[in-house]
Structure formats: structure tokens, C-alpha cells
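Structure first, commentary second.
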Amino acid sequence: MRAVAIEDNQLAFDELEISLREVGKGVDLIGRAPTVQAGLELIEREQPDLLFLDIELPDGTNFDLLRKLTDREKYAVVFISGHHHYGNLVVDFSALSYIYKPLELSKLSEAIERAQARTKGKAYKSDVEDML
């Protein structure tokens, strides 16, 4: 599963990258962007399966980024943030998980399992549609 992180804090990104080496079996973190605009460009270029999103960025929020994606349903979304007051919005955007900083490996592992299950489910549905 290909993943990108839209995160403006280099230390938080480094923590995610290290944590994925430990619990992210099958997840390839292929890029990072520090702003909404750079994130949109990264997603368009790389077409990842999974998005790890901080919430507040220098040029807006990752909710802004999700609103700008015309096909956002195709991405598995995991929010990782130190801001606890965004819970309702995270649900509105159908996120698989909302992990509070500092990152907990068990929560990250659960989120990856959900993302992998979601991706497999979509692939299965697509295969069935192709057969029909």
C-alpha cells in the first residue's frame, strides 16, 4: 500500500516514518508535503492509497485539502494530530482513524489494518464488477 503524509512538522513526519518501519508492514511511505497545495500536488503525482494527515498546516487545514480532492473516497485517510477538538470533522470526512500525537504504535497499527482491509475490499469490488 502506497502512502503519503501531509505534515508540516519534520519531527512528526520522522516519527511516523520510524513507526511505520516497526508496525507498517505492507505500507510504503513514498512522500511528504508540508502544505495543502504541496499535498494536492503530491497526491495527484503519486496516486497513493493511504493519506496520513496532520490537521493544521501553514496554508490551511487538511480538511481544505480533502475538500479539493474530487475523488477523495478512493483514499484511505488517517488523521494524526495534537489537536483533540477536530473529532467531529474527522468523522464527517470518513477518516479511518484519528490518532493523537504523540503517536502510539498500537493505534497506528490498527489504522493500517483498517486501511489495508478497505483497500482489499475496493479491489475485490472492482474485480467483481469487471467480471460482471
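- Dense packing is recorded around NZ of Lys101, with more than 12 heavy atoms of other residues, nucleotides or ligands lying under 6.0 Å away.
- Gln116 contributes a side-chain N or O that, together with a main-chain N or O of Lys25, makes up a donor-acceptor pair within less than 3.5 Å.
- Between Glu7 and Pro34 there is no side-chain heavy-atom pair separated by less than 4.5 Å.
- With a 4.5 Å cut-off on side-chain heavy atoms, Leu105 and Glu22 count as touching.
- Although no hydrogens or angles enter the test, the distance criterion places no donor-acceptor pair under 3.5 Å between the side chain of Arg2 and the main chain of Asp28.
- Residues satisfying the side chain to side chain donor-acceptor pair (under 3.5 Å) criterion with Gln47, sequence neighbours excluded, are Lys74.
- Both Phe13 and Val23 are members of a single hydrophobic cluster when ILVMFWY side chains are connected at heavy-atom separations under 4.5 Å.
- The distance from the NZ atom of Lys107 to the OG atom of Ser19 is 14.5 Å, given to the nearest 0.5 Å.
- For the side-chain contact (heavy atoms from CB on, under 4.5 Å) criterion with Leu57, the lone passing option out of Ile55, Asp59, Leu53, Thr61 is Asp59.
- The ring-ring contact (aromatic ring centres under 6.0 Å, His included) search around Phe93 returns Phe63, not counting sequence neighbours.
- Here the closest non-hydrogen pair linking Val27 and Leu50 is CG1-CD2, 4.4 Å.
- Partner of Phe52 under the side-chain contact (heavy atoms from CB on, under 4.5 Å) criterion, out of Asn62, Val4, Leu108: Leu108 alone.
- Under a hydrophobic clustering in which Ile, Leu, Val, Met, Phe, Trp and Tyr are joined whenever their side-chain heavy atoms come within less than 4.5 Å, directly or via other members, Tyr86 and Leu16 fall into different clusters.
- Annotation: side chain to side chain donor-acceptor pair (under 3.5 Å) contacts of Arg67 (sequence neighbours excluded): Asp64.
- A 6.0 Å sphere centred on CD of Gln10 holds more than 12 heavy atoms belonging to other residues, nucleotides or ligands.
- Atom CE of Met1 sits about 8.0 Å away from atom NZ of Lys120, to the nearest 0.5 Å.
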